[in-house]
Amino acid sequence: MRPRRNLRMNPRTILNDAILTAVEALDLPRKSSQLTPPKNPEFGDFASNIALVLAKDARQKPLDLARRIADILVLPEGFAQVSVTPPGFINFKLSNSYYYSVLKSILANPHEYGKSRIGIGKTANVEFVSANPTGPLTVGHGRQAILGDTVASILEWHGYEVTREYYYNDAGRQMRLLANSVEARYRELLGEPSPFPEDGYQGDYIRDIARVIRDEYGDSLEPGAAPFRKVTEKTIFDDIKSTLQDLRVVHSRFSNEQSFYDNGAIDQTLSDLRSKDLIYEADGATWLKTTALGKNQDTVLIKKTGEPTYRLPDMAYHRDKFDRGYDMIVDIFGADHIATYPDVLSVLKTLGYDTGKVRVLIHQFVTLLRGGEIVKMSTRKANYVTLRELTERLGADVVRYFFIMRGMNSHLNFDLDLAEDQSEKNPVFYLQYAHARTANILVHARAFDLEPGSDFTTQRLDRPEEINLLKELSRVPVVWESALDSLEPQIIAQNLQTVATAFHKFYTVCRVVTDDQELSLARLAIVSAVKAVLKNGLEILGLTAPDRM
RNA sequence: GCCCUUGUAGUUCAAUGGAUAGAACAAGUCCCUCCUAAGGAUUAGAUGUAGGUUCGAUUCCUACCAAGGGUACCA
């Protein structure tokens, strides 16, 4: 589901109306055009491509048409000038007074600036990580943890009430294999070696858990006794939760597969599918007619062993999420799930659910490099690098930013050797340093009895670095709302970088605390606005906003 | 084989179909008497290959090449 864009009047829509009025006066069709901030600041604040779009209809050269439109266009209030440049762009420049009003509005409500309120009164569920408790989280899980947590924060920022959810499979083959692996290590400890399960979990943590079980339950546990399973699951889950907590990722709800067996949801889903005539038996297994849903192959739902594959519980689980009534359901999966979620969605659609509420975010995998060599990750073979280890070495801010600054579609490379070296140069410090600078200026100003307030002389702010900084601040709401549309945290990270750059440039050129009290107060207003915006952005990204560095 | 992602500077990543393809790290050169130099200024350096659509293509389409993932009665 894509949230509806709010229709408040901003300079862009006002300008667009003016352009369309001019176009109609020339008897040309109201085609949609774009108003974009030009890369080159000499071209002003907005560029319209309307003449390029309409050139064919008008049978004129784009440049000539652009001039005609510009001639008859009535410049709306708040705009300072208009120009035409090849190949036919019409450029507009906002007057400084517009930026002054932006500054005032930030200071009037610092913590609200950039909030669209689109999600107010709505609920959302974000499911992420959802790793089965078979071992420690790896660096690969980290990407999903940070992505999911930040997407949730973006939704919260725009007003949604968000549930961060973790789903795990605790009823299938994997967990049985895990328990068997622990039991084998337990027997080893007792000097009664038993064969280690084929494909068993080989990590050292399995031995540690076996030791805990022996210390706690003694050496007389029956084969297949409950602790092998229960203690293992709890121990590993505790580790997963604390690893996530170290990264400031906290789920508010955990759902598990077993509960859907216990409450009959899985049987119910199966019988509902059967009544839709989507189920048949063959080769001793139970099949779902995914061919009827547009696939070129049917899918096994229940193996001939009588055990369902993960798909059936997945369907029951998603159904449960729908029944809980969320306005938006976000599923975050790794690239390995790209082929399976359409099955779940099409089944739910067949069962009458509005799958338009679902946003599926697929992220590509992290390729780990060590010494230039690719490290293949496998929990079972225990040649992973744990997320805990990484967080302990680099810190939560660096790890979070590393994952946020890349788009989820990038197949990103993570060089373990460079990670530590580069952590000191992580761009997150650039943002945090900008924030610390604002804080320090305010402290310094206080020593001179200068306090930022709402009463200042806006006209004193006329240096290019000041106007440019205000310009960046004015773009924040648009950009942060587009992050809500795309659910790409990277957009906010990038935006904060440009704000920080504009501020650093301002800082080097414009001394804030000076003998000129009027100027100082005006600049302090900018500084406190920047501080608020950076703090808001860092908060969304789950990063600290230090006052000193 | 078929399906999904992705190929951009030496490296890691950006770029709603728009103007001169941005940034960081690495390399070179400058700037602290001044609110923190974790900063600023500046030089050099890139769109896998071949076509197509378009006024305009890194972006859309086709083929090829390369990487990752899927194509399991694993999750």
Side-chain angles (χ1 to χ4, degrees), chain A residues 34 36 38-40 42-43 47 49 51-53 55-56 61-63 85-89 91 130-132 134 168-169 172-174 177 199 257 283-287 295-297 299-311 313-314 334-340 362-367 374 380 402 405-415 418 421-422 424-434 436-445 447-448 450 482 485-486 490-491 493-494 497-498 500-501 503-505 507-514 520 523-524 527 548-549:
Chain A
Q34 292 172 324
T36 52
K39 285 174 190 160
N40 187 334
E42 281 173 33
F43 294 138
N49 66 346
L52 297 162
V53 173
K56 200 172 249 183
K61 288 180 186 166
L63 196 56
T85 51
F89 288 103
N91 306 308
S130 296
N132 293 336
T134 57
Y168 61 101
N169 300 96
R173 177 173 167 275
Q174 280 194 17
L177 195 55
D199 291 335
E257 183 184 6
D283 303 328
T286 302
W287 295 72
K295 281 227 164 176
N296 51 13
Q297 212 176 328
T299 312
V300 170
L301 281 191
I302 301 178
K303 309 177 209 172
K304 59 185 166 200
T305 61
E307 198 170 48
T309 64
Y310 67 95
R311 283 166 206 260
D314 259 16
D336 54 342
H337 278 69
I338 198 152
T340 73
I362 301 286
H363 66 88
Q364 295 301 322
F365 286 145
V366 179
T367 304
I374 292 176
R380 223 165 274 181
F402 180 86
M405 65 193 278
R406 272 88 171 183
M408 63 182 96
N409 268 330
S410 68
H411 300 238
L412 71 87
N413 290 314
F414 194 109
D415 191 317
L418 289 181
D421 180 42
Q422 300 212 330
E424 291 167 26
K425 295 157 189 156
N426 190 293
V428 72
F429 297 131
Y430 185 81
L431 301 182
Q432 294 178 320
Y433 186 59
R437 267 188 164 172
T438 60
N440 194 59
I441 292 171
L442 295 179
V443 169
H444 185 75
F448 291 80
L450 290 167
S482 79
D485 278 346
S486 64
Q490 186 200 28
I491 291 176
Q494 244 154 33
Q497 288 284 335
T498 64
T501 297
F503 172 71
H504 284 310
K505 288 182 181 184
Y507 176 89
T508 49
V509 177
C510 303
R511 191 171 173 81
V512 177
V513 180
T514 66
S520 297
R523 287 182 172 167
L524 276 176
V527 170
R548 301 193 66 83
M549 284 179 76

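Note on naming: letters A, B, ... go to the chains in the order of the sequence lines (proteins, then strands), and numbering restarts at 1 for each one. What's counted below: heavy atoms across the whole structure, side chains too, no hydrogens, waters or symmetry copies.
Atom C1' of B/rG18 sits at a distance of 12 Å from the matching atom of B/rU58, rounded to the whole Å.
A search for side-chain contact (heavy atoms from CB on, under 4.5 Å) contacts involving A/Met408 returns A/Leu147, A/Leu361, A/His363, A/Glu488, not counting sequence neighbours. Looking at residues two or more places apart in sequence or on another chain, you find a side-chain contact (heavy atoms from CB on, under 4.5 Å) between A/Asn413 and A/Thr367, A/Leu369. With sequence neighbours left out, A/Lys56 forms a salt bridge (Lys or Arg N to Asp or Glu O under 4.0 Å) with no residue at all. Residues satisfying the ring pair (Phe, Tyr, Trp, His ring centres under 6.0 Å) criterion with A/Phe43, sequence neighbours excluded, are absent altogether. Under the ring pair (Phe, Tyr, Trp, His ring centres under 6.0 Å) criterion, A/Phe402 pairs with A/Phe414, sequence neighbours left out. Remark: A/Thr309 pairs with no residue by the side chain to side chain donor-acceptor pair (under 3.5 Å) rule, at least two apart or across chains. Shown here are the side-chain contact (heavy atoms from CB on, under 4.5 Å) partners of A/Lys295, two or more places apart in sequence or in another chain: A/Thr290, A/Asp343. The ring pair (Phe, Tyr, Trp, His ring centres under 6.0 Å) search around A/Tyr310 returns none, not counting sequence neighbours. The side-chain contact (heavy atoms from CB on, under 4.5 Å) test applied to A/His337 returns A/Phe333, A/Thr340, not counting sequence neighbours.
Between B/rA41 and A/Thr508, no contact under 4.0 Å exists linking OP1 or OP2 to a side-chain N or O. Between B/rC3 and A/Lys295, no contact under 4.0 Å exists linking OP1 or OP2 to a side-chain N or O. In terms of phosphate contacts, A/Tyr507 brings no side-chain nitrogen or oxygen within less than 4.0 Å of OP1 or OP2 of B/rC34. Phosphate contact (OP1/OP2 of B/rU12, side-chain N/O of A/Asn413, threshold under 4.0 Å): present. Side-chain nitrogen and oxygen atoms of A/Arg523 include none within less than 4.0 Å of the OP1 or OP2 phosphate oxygen of B/rC35.
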Atom pairs under 3.5 Å, N or O on each side, protein against nucleotides 25-27 of chain B: can you list them with distances?
residue	atom	partner	partner atom	Å
B/rA26	OP1	A/Lys425	NZ	3.3

Short N/O separations, protein against nucleotides 17-19 of chain B, under 3.5 angstrom:
residue	atom	partner	partner atom	Å
B/rG18	N7	A/Asn49	ND2	3.4
B/rA19	OP2	A/Lys39	NZ	2.9
B/rA19	N6	A/Asn91	OD1	3.2
B/rA19	N1	A/Thr85	OG1	3.1
B/rA19	N1	A/Asn91	OD1	3.4

Can you tabulate the close N/O pairs, meaning under 3.5 Å, that link protein atoms to atoms of nucleotides 65-73 of chain B?
residue	atom	partner	partner atom	Å
B/rG69	O2'	A/Ala335	O	3.0
B/rG69	O2'	A/Asp336	N	3.4
B/rA72	OP2	A/Gln297	NE2	2.8
B/rC73	O2	A/Lys304	N	2.7
B/rC73	N4	A/Asp283	O	3.4

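B/rC34 makes up no base pair with any nucleotide shown, lacking Watson-Crick or G-U wobble contacts both under 3.5 Å. Judged by Watson-Crick or G-U wobble contacts below 3.5 Å, the nucleotide B/rC2 has B/rG70 as its partner.
Side-chain atoms of A/Thr501 and A/Tyr430 include a donor-acceptor pair closer than 3.5 Å.
As rounded to whole Å, 17 Å separates atom C1' of B/rU12 from atom CD of A/Glu424.
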